[in-house]
Amino acid sequence: MRPDWDSYFLKIAHAVSERSTCDRAFVGCVLVLDKRILTTGFNGSPSGQPHCDEAGHLLVEGHCVRTIHAETNAIIQAALHGVSTKGAACYVTHLPCINCTKALINAGITRIVYDLAYRTDENAMSFLKAANIEVTQKSISQNESRV
């Protein structure tokens, strides 16, 4: 059976997460406009910098600060390549953190679809509500296959 669009793009986000280099959370993000992929991003270090899977975690107050989050990397890729994200949807494996939430709001994202609630931040949720961004949790099974 053919997957619906949300499942399709979330599955792609999960595939993108396989490139993550920080094992604290393998996160993938896909920015989509009009059912077309604009950019993707995964958790990883800045270009040319050592990754967690090479140099270990750089923990500050319980958070690994060596990596850039998937959502931010997707927005950066759009900026690097001159792609507008205004009006786009964000498909992401995990509910965005407060910093990614703020970046997504300012990038003009209008909808967030996520699979896992890694951490729920009430401030992030209130920012999303105030920005009128639709937030949908859609659980998908990575073991689904077409028959």
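Its side chain outside the 4.5 Å cluster rule for every partner, L116 clusters with none of the Ile, Leu, Val, Met, Phe, Trp and Tyr residues. Its side chain within the 4.5 Å cluster rule, V65 clusters with L58, V60 among the Ile, Leu, Val, Met, Phe, Trp and Tyr residues.
The shortest heavy-atom contact between A70 and N43 is N-OD1, 3.0 Å.
Counting only residues at least two apart or in different chains, salt bridge (Lys or Arg N to Asp or Glu O under 4.0 Å) contacts with residues 81-100 are absent. Residues in residues 65-78 take part in these side chain to side chain donor-acceptor pair (under 3.5 Å) pairs, two or more places apart or across chains: Q77-H81.
By the side-chain contact (heavy atoms from CB on, under 4.5 Å) test, A79 is found to be paired with no residue, residues two or more places apart in sequence or in another chain being considered. For A78, the side-chain contact (heavy atoms from CB on, under 4.5 Å) partners two or more places apart in sequence, or in a different chain, are T39, V83, T85. Under the salt bridge (Lys or Arg N to Asp or Glu O under 4.0 Å) criterion, R24 pairs with no residue, sequence neighbours left out. Listed by chain and residue number, W5 satisfy the ring pair (Phe, Tyr, Trp, His ring centres under 6.0 Å) test with Y8 (two or more places apart in sequence, or in another chain). With sequence neighbours excluded, no residue forms a salt bridge (Lys or Arg N to Asp or Glu O under 4.0 Å) with K102. Under the ring pair (Phe, Tyr, Trp, His ring centres under 6.0 Å) criterion, H94 pairs with Y118, sequence neighbours left out.
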Give every donor-acceptor pair under 3.5 Å between a side-chain atom in residues 26-38 and any protein atom, sequence neighbours left out.
none

Listing, residues 46-55 side-chain donor-acceptor contacts under 3.5 Å, not counting sequence neighbours, or none:
| from | atom 1 | to | atom 2 | distance (Å) |
| --- | --- | --- | --- | --- |
| H51 | ND1 | T21 | OG1 | 2.9 |
| H51 | ND1 | S45 | N | 3.3 |
| E54 | OE1 | H51 | N | 2.9 |

- prompt: Hey, mind stepping through R111 and Y91 against side-chain contact (heavy atoms from CB on, under 4.5 Å) and telling me if it holds?
  reply: CA-CA 8 Å; R111 183 169 186 247; Y91 291 87; 3.3 Å; yes

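Under the 4.5 Å side-chain criterion, counting only non-hydrogen atoms from C-beta, M125 is in contact with L95.
With Q137 contributing its side chain and D115 its backbone, the two residues share a donor-acceptor pair below 3.5 Å.
At most 12 heavy atoms of other shown residues, nucleotides or ligands fall within 6.0 angstrom of atom CZ in R19.
In the hydrophobic clustering of this structure, I109 groups with Y114; members are Ile, Leu, Val, Met, Phe, Trp, Tyr whose side-chain heavy atoms approach within less than 4.5 Å, directly or through other members. Side-chain heavy atoms closer than 4.5 Å link hydrophobic residues (I, L, V, M, F, W, Y) into clusters, and following such links, possibly through other members, connects I75 to V135. Note: the hydrophobic cluster containing L128 does not contain V113 (ILVMFWY, side chain heavy atoms under 4.5 Å, direct or indirect links). Tracing side-chain contacts under 4.5 Å through hydrophobic residues (I, L, V, M, F, W, Y), one reaches I140 starting from I12; they form part of the same cluster.
To the nearest 0.5 angstrom, I112 atom CD1 is 5.0 Å from L104 atom CG.
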